[in-house]
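Structure first, then comments.
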There are 2 protein chains.
Amino acid sequence: MASLQLDETDIRLLNILQRDGRIANTELADEVGLTPAPTLRRVRRLEEAGLIRRYVALLDPEMIGRGFLVMVRVTLSGQTKAGFETFGEQMRRRPEVLECYLCLGGTDYFLKVATRDLMEYQRFLVDVLAANPLVQHTDSILVVKQEKQTTALPLE
Amino acid sequence: MASLQLDETDIRLLNILQRDGRIANTELADEVGLTPAPTLRRVRRLEEAGLIRRYVALLDPEMIGRGFLVMVRVTLSGQTKAGFETFGEQMRRRPEVLECYLCLGGTDYFLKVATRDLMEYQRFLVDVLAANPLVQHTDSILVVKQEKQTTALPLE
DNA sequence: TGGTGGGCGCAATAAGACTGCGTCAGGCTG
DNA sequence: CAGCCTGACGCAGTCTTATTGCGCCCACCA
């Protein structure tokens with residue numbers, strides 16, 4: 001895939017869209033100093049190239065009962081291919097697991113889990129992780145305060 | 001704030017918008033079986049209540065040179081209020097730090113860092129964390145594979 | 001210096017976003 | 001039980017955006 005040459009304007013478009021994914025094209029055009037037509041063509045080009053992967057709405061975790069955030073380090077009992085595949089698939093199915101990474105560095109898997117509160121997390125820990133024969137050990141890191149949380153990737 | 005009663009339709013709207021934040025209101029209306037007018041009114045209500053916090057574009061990390069992901073556990077040298085505030089502020093300013101949490105569980109801070117590659121991460125580790133007098137110890141967990149990564153929170 | 005490709009703005013059309021208004025169903029009150 | 005009130009829906013009309021064809025211009029190449 002051609003890595004797609006990005007100019008100054010493309011970068012500004014991407015930064016704006018990372019901040020406000022639903023901005024009207026006309027306003028987007030104003031902000032970058034172009035007319036709507038070429039602005040839209042640029043955005044479409046970025047979407048089609050796959051550089052813009054998708055647009056999403058971000059909800060308030062507190063308001064929907066997902067304000068309790070925990071980072072979990074998981075060590076599997078054996079490092080087998082089937083074990084890895086199974087565990088990954090299991091996590092993919094769990095709605096409270098927002099992120100699941102296979103890792104290096106003394107930990108097999110790393111999870112970001114969102115629940116309503118400690119009690120609900122405890123249930124997840126006991127019923128899903130501890131009860132899982134693939135899991136040998138876990139280490140839960142409870143989030144007390146979110147200093148920073150962004151989906152916007154820095155460009156250049 | 002009234003916790004805002006959500007019915008079946010609201011939940012469907014939220015799930016759709018978490019998946020596609022830029023869907024046209026007319027199409028959204030079709031998907032939930034309403035006409036565009038009340039659909040738009042519901043969405044506005046969810047936005048104004050703060051339940052929908054914002055809309056964003058998600059970019060492809062690989063394509064913009066941010067494909068190398070590391071989870072970092074950071075222990076500060078002293079647990080002082082000023083130290084915590086300073087460190088949090090410093091991380092907020094670093095573009096490669098996507099997330100920064102103050103934590104319980106044997107770790108003071110937890111970071112999610114995105115760089116181009118190992119070399120760039122190493123620079124961050126050495127120049128930003130190791131060189132920081134507030135930092136006593138760090139533990140880097142390199143992500144090898146992303147099994148799951150979503151911004152969509154499960155509803156009810 | 002004429003040829004060429006890429007990207008821009010213009011302008012017209014189609015599509016979607018908004019909003020005022022009348023209607024209807026459910027819950028509550030006299 | 002009938003009338004009242006509230007909330008939410010769909011209809012229509014208006015206004016704003018999105019989308020696309022087209023001609024123009026500039027930079028680069030031969």
Side-chain angles (χ1 to χ4, degrees), chain A residues 1-60 62-65 151-156, chain B residues 1-60 62-65 151-156:
Chain A
M1 163 187 336
S3 88
L4 197 65
Q5 200 52 42
L6 299 181
D7 64 13
E8 186 67 33
T9 301
D10 289 319
I11 290 178
R12 292 175 62 194
L13 289 173
L14 291 171
N15 279 327
I16 294 168
L17 289 171
Q18 285 194 104
R19 184 160 41 71
D20 178 3
R22 214 163 175 174
I23 186 174
N25 183 58
T26 49
E27 192 183 338
L28 188 56
D30 281 345
E31 293 211 28
V32 299
L34 284 180
T35 54
T39 302
L40 186 61
R41 282 189 284 253
R42 276 171 180 265
V43 173
R44 289 284 174 272
R45 175 167 144 273
L46 294 168
E47 290 167 359
E48 277 152 26
L51 212 146
I52 294 176
R53 195 179 262 176
R54 64 195 310 192
Y55 298 90
V56 301
L58 300 180
L59 310 189
D60 183 315
E62 290 295 345
M63 295 185 74
I64 57 173
T151 55
L153 300 172
L155 291 160
E156 313 316 78
Chain B
M1 165 189 328
S3 89
L4 197 65
Q5 200 50 43
L6 299 182
D7 65 13
E8 185 67 34
T9 301
D10 289 320
I11 290 178
R12 292 176 63 194
L13 289 174
L14 291 171
N15 279 327
I16 294 169
L17 288 171
Q18 284 194 105
R19 184 159 43 70
D20 178 3
R22 216 164 173 174
I23 186 173
N25 183 59
T26 49
E27 192 183 337
L28 188 57
D30 281 345
E31 293 210 27
V32 299
L34 285 178
T35 54
T39 302
L40 186 60
R41 282 189 284 253
R42 276 170 180 264
V43 173
R44 289 283 173 273
R45 176 167 143 274
L46 295 168
E47 291 168 356
E48 278 152 24
L51 212 145
I52 294 177
R53 193 180 264 178
R54 64 195 310 191
Y55 298 90
V56 300
L58 300 181
L59 309 190
D60 183 314
E62 290 293 346
M63 295 186 74
I64 56 173
T151 56
L153 300 171
L155 291 160
E156 312 318 80

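A, B, ... follow the sequence lines: proteins, then strands. Residue 1 opens every chain.
One finds the CG atom of Leu14(B) at 6.5 Å from the CG atom of Asp10(B) (value rounded to the nearest 0.5 Å).
Using a 4.5 Å cut-off on side-chain heavy atoms (C-beta onward), Ile64(A) and Leu155(B) make contact. Looking at heavy atoms from C-beta onward, Leu6(A) lies in side-chain contact with Leu46(A) at the 4.5 angstrom threshold.
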| task | Go through the steps for Arg54(A) and Glu47(A) under the test side-chain contact (heavy atoms from CB on, under 4.5 Å), then give the verdict. | result | CA-CA 8 Å; Arg54(A) 64 195 310 192; Glu47(A) 290 167 359; over 6 Å; no
| Under the side-chain contact (heavy atoms from CB on, under 4.5 Å) criterion, do Asp60(A) and Leu51(B) qualify, and how do the steps go? | CA-CA 5 Å; Asp60(A) 183 315; Leu51(B) 212 145; 5.7 Å; no
| Chi angles and distances behind the salt bridge (charged side-chain N to carboxylate O under 4.0 Å, His left out) call for Asp7(B), Arg42(B) | CA-CA 11 Å; Asp7(B) 65 13; Arg42(B) 276 170 180 264; 3.0 Å; yes
| request: Would you check, one step at a time, whether the test side-chain contact (heavy atoms from CB on, under 4.5 Å) holds for Val56(B) with Arg22(A)? | output: CA-CA 7 Å; Val56(B) 300; Arg22(A) 214 163 175 174; over 6 Å; no
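When distances are taken from the side chain of Arg41(B) to each of dC18(C), dG20(C), dG9(C), the shortest belongs to dG20(C).
Each end of the helix from dT1(C)-dA30(D) to dG30(C)-dC1(D) gets its own axis from five base pairs, and the two axes differ in direction by 20°, given to 10 degrees.
Checked by atom type and distance alone, the side chain of Gln18(B) pairs as donor or acceptor with a backbone atom of Leu153(B) at under 3.5 Å.
Regarding Asp10(A), its CG atom lies at a distance of 15 Å from the P atom of dG6(C), rounded to whole Å. Rounded to a whole Å, the CG atom of Asn25(A) is 19 Å from the P atom of dA14(C). Distance Ile23(A) CD1 to dA17(C) C1': 16 Å, rounded to the nearest Å. What separates CG of Asp30(B) from P of dA15(C) is a distance of 14 Å, to the nearest Å.
Residue contacts shown for Thr26(A) are limited to sugar-phosphate atoms, with no base heavy atom under 4.0 Å away. Contact annotation for Ala24(B): backbone-only contact, meaning every heavy-atom pair under 4.0 Å involves sugar-phosphate atoms and none involves a base.
Within the structure, a side-chain polar atom (N or O) of Arg44(B) is placed less than 4.0 Å from OP1 or OP2 of dC18(C).
Extent of DNA chain D lying under 4.0 Å from chain A heavy atoms, first and last nucleotide in 5' to 3' order, is dT17(D) to dG21(D).
Nearer the 5' end of DNA chain C, as judged by each residue's closest nucleotide, is the contact made by Leu34(A), out of Leu34(A) and Pro36(B).
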Pairs under 3.5 angstrom only: tabulate donor-acceptor contacts from the side chains of residues 32-41 of chain A to other protein residues two or more places apart or in another chain.
{"from": "Thr39(A)", "atom 1": "OG1", "to": "Thr35(A)", "atom 2": "O", "distance (Å)": "2.8"}

